[in-house]
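Data block below; observations after.
Chain letters run A, B, ... following the sequence lines, proteins first, then strands; residues in each count from 1.
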There are 2 protein chains.
Amino acid sequence: MDLNERKKKILHSIINEYIKSAEPIGSRHVAKNLDIGLSSATIRNEMADLEEMGYLEQPHTSAGRIPSDKGYRLYVDSLMNHHEMTVSDLASLGNVIELQMGQIDKIIKRAAEVLSQLTNYTAVLTTPEMKRGAIKTVELVPIDASSALIILVTGEGVMKHKRVLLPAGTDITFVHNFSALLREKLSGLTLDEITAAKISEIRRAMQAHFELLFPVLDFIADIIDDVRAETEVYTSGATNMLAYPEYSDVRQAKEFLDFLNDKNSVVKMLQADSAEGSIPGSGGINIRIGKENELDVMQKSSIITANYYVGDQVMGKVGIIGPTRMDYPKTIAKLQRVSALLNRILYEFYIDED
Amino acid sequence: MDLNERKKKILHSIINEYIKSAEPIGSRHVAKNLDIGLSSATIRNEMADLEEMGYLEQPHTSAGRIPSDKGYRLYVDSLMNHHEMTVSDLASLGNVIELQMGQIDKIIKRAAEVLSQLTNYTAVLTTPEMKRGAIKTVELVPIDASSALIILVTGEGVMKHKRVLLPAGTDITFVHNFSALLREKLSGLTLDEITAAKISEIRRAMQAHFELLFPVLDFIADIIDDVRAETEVYTSGATNMLAYPEYSDVRQAKEFLDFLNDKNSVVKMLQADSAEGSIPGSGGINIRIGKENELDVMQKSSIITANYYVGDQVMGKVGIIGPTRMDYPKTIAKLQRVSALLNRILYEFYIDED
DNA sequence: TGTTAGCACTCTATCTCGTTGAGTGCTAAT
DNA sequence: ATTAGCACTCAACGAGATAGAGTGCTAACA
């Protein structure tokens with residue numbers, strides 16, 4: 001039994017219908033409302049075949065059919081029509097650009113909001129892993145007589161700060177000199193290069209009279225560790241999912257929301273995209289459908305991810321989570337648009353000011 | 001008909017039971033399991049009285065009674081036993097203290113987490129309104145040839161930063177001088193004092209050769225507006241509510257969660273505590289029960305709020321949201337403990353480093 | 001040989017209806 | 001004033017009965 005054109009067309013129609021209604025689709029419905037030109041009996045036979053081949057399943061004997069994960073897989077890989085965003089959707093994207101002057105994490109956060117509003121699903125973004133990022137500047141800013149602020153800025157525009165106590169009676173000029181020396185020693189290094197050994201080396205290389213401020217070096221090591229380890233996760237529209245019948249059970253809804261609140265799980269999920277899921281020629285779009293995802297909470301959901309870049313370096317992941325019957329074509333189009341927009345904004349943000 | 005001691009005792013017992021079970025309480029249950037020493041028939045009469053007086057209600061004719069909002073009100077005002085935290089609860093509070101070295105918003109965030117874990121309800125905290133806060137320091141830190149970071153630190157330890165573009169070819173020493181001048185002009189002023197007029201005044205007072213950097217002043221005005229307007233809201237344990245039968249309907253759950261996501265609504269709610277709700281001698285604890293709250297989403301919930309301070313200045317609000325049948329005594333005890341702890345930590349953080 | 005009409009069959013969803021049991025209110029006895 | 005007793009009410013539950021959507025199969029048809 002082979003998957004001929006007619007079978008594909010029927011499958012395609014069924015999936016489209018199911019995406020809209022979330023109700024099992026019967027042969028009669030296909031024959032009447034969809035433009036196939038066959039009787040319900042014929043459709044019935046074809047549907048039986050499609051079920052045998054694993055593309056459809058039946059919730060129970062006398063219900064219609066719903067697509068299986070395998071069915072969706074075929075759908076996203078070769079069946080579905082690709083989609084262009086509508087004018088009104090595009091218009092609402094304009095707002096994102098206005099944030100160009102803000103900081104990088106605000107832009108990313110905003111992108112998550114836009115995506116979730118645009119799609120009515122849940123958007124998830126991760127900020128870049130900074131291992132290979134370079135330090136742009138380090139500054140020690142005195143706040144008052146007894147404390148100062150360490151500020152670290154990376155090439156990607158990420159900023160991190162920490163307050164440190166100064167030994168009593170430290171002279172301000174002294175702090176400034178130390179700050180200048182720090183900057184000289186550290187700027188340009190990538191975060192990977194700043195190991196404990198490197199810190200010790202700097203400590204030795206400094207003149208002895210900075211000894212008073214040596215504890216500050218430890219704080220700098222801390223803060224760099226923070227930046228290095230830190231992958232922030234922004235989620236938006238988590239509650240959108242509660243509007244879909246798939247999540248009408250509160251307990252499952254809770255599980256899903258708790259999962260989204262757990263940063264580590266989300267990062268892990270976003271980074272785990274599989275080779276099987278990547279859509280050729282889509283610019284790095286990756287889709288995992290239902291059980292293709294190992295996580296229990298995701299068995300009824302799908303996730304579509306994309307990378308975003310500055311220049312040619314991957315900065316992070318954008319993902320959209322929806323029920324398995326989510327509207328793949330539209331969602332993919334929106335995801336592509338937003339990630340492209342994000343690329344452009346970050347590029348301008350990053351390159352222009354370089 | 002008056003509310004004698006026996007009626008009070010019965011009401012007290014019923015409310016305690018209902019808080020545990022979330023099921024209507026019948027006269028038989030009260031007579032058997034609770035230590036009153038009266039027959040179910042007598043209890044029945046008393047319960048009928050209590051209903052007539054408005055302290056109890058009946059979901060339907062042949063169900064038991066549940067407390068009304070008025071019943072809860074009486075309960076929290078004069079019936080309930082006050083509660084001490086258990087040893088194990090206290091032990092888990094120890095962890096909060098370790099964050100002393102972190103920044104103020106991390107501490108506040110952590111406090112929300114601790115509270116929600118401790119109570120199994122939803123914790124909400126607001127950060128202070130900064131109108132009367134003073135500026136501790138302002139710094140303009142060059143990042144590269146074309147951009148710099150404005151950094152603003154207030155007396156409360158809040159830090160805010162923004163990246164600005166510099167005119168091409170700006171000299172670094174020049175930036176430093178400008179930065180020093182800024183600091184001199186602005187530090188010590190409260191945020192309220194820095195009006196548009198004040199900014200113009202500073203602009204005029206500066207030597208003309210800083211003209212190039214005048215646009216930076218506008219950014220400073222922006223950033224100060226941000227700090228002034230900004231009341232951050234931290235929420236923790238939002239999904240805890242989904243475990244209670246009161247929220248078993250997904251639609252209501254969604255409404256509640258959406259409400260929590262809306263910063264403005266939450267701030268408004270936290271600030272709207274009423275005179276009727278404040279518990280005398282409890283150190284500023286305020287309770288609003290069910291319909292005492294105007295908000296639709298809160299009709300089935302109660303909120304207990306407290307203020308927290310640095311020294312004698314109110315910094316913000318802590319609130320715990322639960323179903324109306326929440327365990328008031330325990331929750332109040334925990335809220336008091338955590339806000340006291342918060343006060344102490346902030347006091348140390350703020351005063352020690354001053 | 002592929003398509004279709006027809007029909008018996010299956011299974012869920014929904015409704016009704018009786019039953020159960022928890023709880024009440026009232027009355028009469030203590 | 002309290003309590004035992006009893007009739008009454010009502011939600012919850014389960015057992016049929018019914019409707020209807022949808023299927024699979026067979027036989028007729030082009």
message: Across nucleotides 19-30 of chain C, 5' to 3', mark each nucleotide with B, S or - according to how protein heavy atoms within less than 4.0 Å reach it.
response: ---BSBB-----
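If you check the side chains of Ser27(A) and Ser40(A), you find no donor sitting under 3.5 Å from an acceptor. Under the 3.5 Å distance criterion, with hydrogens and angles disregarded, a donor-acceptor pair is assigned to the side chains of Asp258(B) and Thr239(A).
The ring pair (Phe, Tyr, Trp, His ring centres under 6.0 Å) test applied to Tyr55(B) returns no partner, not counting sequence neighbours. Under the rule for a salt bridge (Lys or Arg N to Asp or Glu O under 4.0 Å), the partners of Arg73(B) that lie at least two apart in sequence or sit in another chain are Asp77(B), Glu292(B). Scanning for side chain to side chain contact (heavy atoms under 4.5 Å, CB included) contacts around Gln58(B) gives Glu51(B), Arg65(B), with sequence neighbours left out. With sequence neighbours left out, Arg28(B) forms a side chain to side chain contact (heavy atoms under 4.5 Å, CB included) with Lys32(B).
The main-chain N or O of Leu118(A) is found under 3.5 Å from a side-chain atom of Lys334(A) such that the two form a donor-acceptor pair.
Atom P of nucleotide dG2(C) and atom CG of Asp49(A) are separated by 12 Å, given to the nearest angstrom. Atom-to-atom, CD1 of Ile43(A) to P of dT4(C) comes out at 9 Å; the value is rounded to the nearest Å. Across the protein-nucleic acid pair, Asp2(A) atom CG and dG2(C) atom P stand 12 Å apart, rounded to whole Å. Atom CD1 in Ile66(A) sits roughly 14 Å away from atom P in dG22(D) (whole-Å rounding).
Contacts with DNA chain D (heavy atom under 4.0 Å) in residues 4-23 of chain A: none are found.
Side-chain N/O atoms of Thr42(A) include one lying less than 4.0 angstrom from OP1 or OP2 on dT4(C).
Scanning all heavy atoms of the two residues, the minimum distance from Ser301(B) to Ile321(B) falls at CB-CG2, 4.2 Å.
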